[in-house]
Amino acid sequence: MPEQQMLLEKGSYDILFQQVNLGIVVLNTDFTIVDANKTYLKAVKKSKAEVVGKPCHEIIGGYNMPCTPSQTGFECPLVKTLRTGRSAHIIHEYHTSTDETRYFNIATYPIRDQNDTIVRIIELWRDITKEFSFRCEERIRRMETDMKKLIQEDRMISLGKLVASCVHEINNPIQGLLTFSHLMHTILEEGDPGKEDLEKFKKYVSLMSGELERCGQIVSGLLSFSRESPIDYAEVDINDVLNAVISLTRHKMELTDIRLETKLSSRPLVVMGDSNQLQQCFLNLIFNAIEAMPGGGELLIVSEQDNVSKNFRIEIRDTGYGISDEDLEHIFDPFFTTKEEGKGTGLGLSIVYGMVKNHEGDIQVKSRQGKGTCFVLTFPKL
């Protein structure tokens with residue numbers, strides 16, 4: 001009967017051990033493998049002869065000693081179970097011999113003898129690669145969606161600044177249009193217009209047409225900038241983008257007594273990029289420069305091709321109050337801002353940094369407190 005009982009228990013053990021879809025490995029307290037089922041062997045892509053009697057850390061990572069956090073980034077669950085006497089588990093990224101990456105939820109359970117001493121450890125491996133990958137992809141999708149929202153929110157903040165400036169710029173031609181229309185109305189009320197009056201009409205109409213075109217350009221620029229559009233990488237001339245941004249911000253500079261100097265390349269600087277993102281990127285930097293010079297100053301914008309690297313280089317230099325060495329290390333960090341509360345979110349430069357990197361470019365900053373700031377952007381030539 002005892003022998004039959006043993007055979008029955010062994011048969012039950014074999015069925016459970018081999019047929020379960022979990023990877024199961026039995027280990028001694030010295031980390032050597034006693035037994036392993038087919039699922040485990042399939043996971044590590046080795047035969048039973050290759051693993052039995054070998055330390056688990058050698059099989060898993062090729063290490064001569066038990067896994068340490070410095071090697072793997074986490075505490076080995078087997079070490080933790082031996083230390084605490086309790087079950088432990090981790091999410092393990094395993095790289096197979098064929099360069100395939102799998103993810104496993106590994107749990108360890110202690111086996112004790114009649115004296116309550118741990119004599120062996122059972123490890124259960126559950127393959128969560130599909131589930132883990134799905135969650136990662138879902139998280140990436142959510143992050144991309146959130147980033148698009150942040151970029152659009154940043155665009156709307158910049159748009160608000162532009163509108164505040166352009167309202168004054170549009171008001172001037174409107175006042176001119178009203179003046180010319182009143183003059184023309186007065187002439188018509190006085191009777192049949194003569195040849196001299198018609199010449200005046202031609203002059204007034206020409207001036208009114210120019211003012212209307214000016215208003216239309218301002219409104220078109222604002223509409224183009226405010227429009228939320230999908231990222232569309234195409235051939236873009238950086239000089240065209242800079243000219244559009246300068247056109248939108250020139251009046252703001254005049255209002256704040258800022259002298260603008262531009263040294264744009266005479267040759268096209270064509271990159272593969274998204275014109276909307278590049279426009280937003282330059283606009284953020286120019287607005288930062290304007291806000292750093294509340295009492296007026298000088299703003300220099302340069303575009304050129306680097307003679308050594310052949311990359312395109314854009315420099316935006318102001319004579320504002322500058323950035324301290326302490327703050328300079330954090331200016332690209334999200335939500336970091338040196339502005340007063342309510343004056344900014346601290347997202348502008350981090351978004352600029354992200355957009356530059358999206359275009360495989362680089363951004364550097366040089367600044368001295370009280371001496372101004374210089375942003376240098378480089379983009380690869382198409």
Side-chain angles (χ1 to χ4, degrees), residues 140-163 165-166 217-250 252 262 264-265 268-291 299 301-306 311-316 331-337 344-365 373-382:
I140 290 170
R141 281 195 292 269
R142 286 201 301 268
M143 289 174 65
E144 288 176 346
T145 301
D146 291 342
M147 181 54 67
K148 288 178 183 177
K149 289 180 181 178
L150 287 175
I151 289 173
Q152 184 61 15
E153 287 173 9
D154 185 72
R155 287 174 70 84
M156 297 312 292
I157 291 170
S158 298
L159 180 64
K161 295 176 183 178
L162 278 175
V163 168
S165 169
C166 291
Q217 288 170 358
I218 294 169
V219 172
S220 295
L222 291 174
L223 288 173
S224 174
F225 182 74
S226 65
R227 191 176 297 116
E228 184 176 6
S229 57
I231 296 175
D232 182 21
Y233 285 88
E235 293 185 8
V236 180
D237 185 348
I238 291 178
N239 284 333
D240 289 344
V241 179
L242 283 171
N243 281 320
V245 172
I246 290 168
S247 176
L248 285 170
T249 55
R250 189 184 297 275
K252 176 71 173 177
T262 60
L264 303 187
S265 170
L269 303 180
V270 180
V271 299
M272 183 61 69
D274 178 80
S275 58
N276 287 328
Q277 282 201 5
L278 290 172
Q279 187 183 48
Q280 184 175 355
C281 174
F282 297 140
L283 191 64
N284 267 333
L285 294 176
I286 291 173
F287 267 133
N288 279 354
I290 292 172
E291 291 168 359
L299 178 63
I301 300 176
V302 179
S303 71
E304 61 186 4
Q305 184 170 10
D306 188 276
N311 289 334
F312 299 140
R313 181 178 177 275
I314 293 86
E315 179 181 324
I316 299 175
I331 59 168
F332 295 122
D333 295 350
F335 304 107
F336 176 82
T337 180
T345 62
L347 283 171
L349 285 178
S350 65
I351 287 175
V352 167
Y353 181 88
M355 288 189 288
V356 170
K357 292 301 180 182
N358 284 346
H359 287 77
E360 298 181 0
D362 188 44
I363 180 168
Q364 301 291 329
V365 58
T373 302
C374 177
F375 284 92
V376 177
L377 292 74
T378 55
F379 296 96
K381 177 184 176 182
L382 181 63

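Remember, predicted model here, so these are calculated numbers, not experimental data.
One distance of note links CG of Leu242 with CD1 of Ile316; it measures 6.5 Å at 0.5 Å rounding. We find the NZ-CD distance between Lys252 and Glu291 to be 7.5 Å, quoted to the nearest 0.5 Å. Atom OG1 of Thr378 sits about 12.5 Å away from atom CD of Glu315, to the nearest 0.5 Å. The CD1 atom of Ile246 lies 11.0 Å from the CG atom of Leu283; values are rounded to the nearest 0.5 Å. In this structure, OG1 in Thr249 is found 12.5 Å from CZ in Phe282, a value given to the nearest 0.5 Å. Taking CE of Met272 as the start and CD of Glu360 as the end, the distance is 10.5 Å to the nearest 0.5 Å.
Nearest heavy-atom pair, Leu299 versus Ala289, reported as atom, atom and distance to 0.1 Å: CD1-CB, 3.7 Å. The two residues Asn358 and Gln277 come nearest to each other via the heavy atoms ND2-OE1, 3.9 Å.
Thr262 is not listed as a side-chain neighbour of Asn243, based on a closest heavy-atom distance of 4.5 Å or more. Taking the side chain as every heavy atom from C-beta outward, Val271 and Leu278 approach each other to under 4.5 Å. Contact check for Phe379 versus Leu269: no side-chain heavy atoms found under the 4.5 Å cut-off. Within the 4.5 Å cutoff, the side chain of Phe375 has no heavy atoms near those of the Asn284 side chain.
Environment of NZ in Lys381: sparse, with no more than 12 heavy atoms of neighbouring residues, nucleotides or ligands closer than 6.0 Å. Environment of CD in Gln305: crowded, with over 12 heavy atoms of neighbouring residues, nucleotides or ligands closer than 6.0 Å.
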Show your working on side-chain contact (heavy atoms from CB on, under 4.5 Å) between Ile363 and Cys281 and close with a plain yes or no. CA-CA 11 Å; Ile363 180 168; Cys281 174; 5.9 Å; no
Dump the intermediate steps for side-chain contact (heavy atoms from CB on, under 4.5 Å) on Val270 and Val236, then the final yes or no. CA-CA 5 Å; Val270 180; Val236 180; over 6 Å; no
Give the C-alpha distance, both sets of side-chain angles, the deciding distance and a yes or no for side-chain contact (heavy atoms from CB on, under 4.5 Å) between Asn311 and Asp362. CA-CA 10 Å; Asn311 289 334; Asp362 188 44; over 6 Å; no
Is there a side-chain contact (heavy atoms from CB on, under 4.5 Å) between Tyr353 and Val356? Walk through the geometry before answering. CA-CA 5 Å; Tyr353 181 88; Val356 170; 5.9 Å; no
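Relative orientation of the Tyr233 and His359 rings is tilted, given thresholds of 30° and 60° on the angle between their planes.
In this structure, Ser265 contributes its side chain and Ser303 its backbone to no donor-acceptor pair below 3.5 Å.
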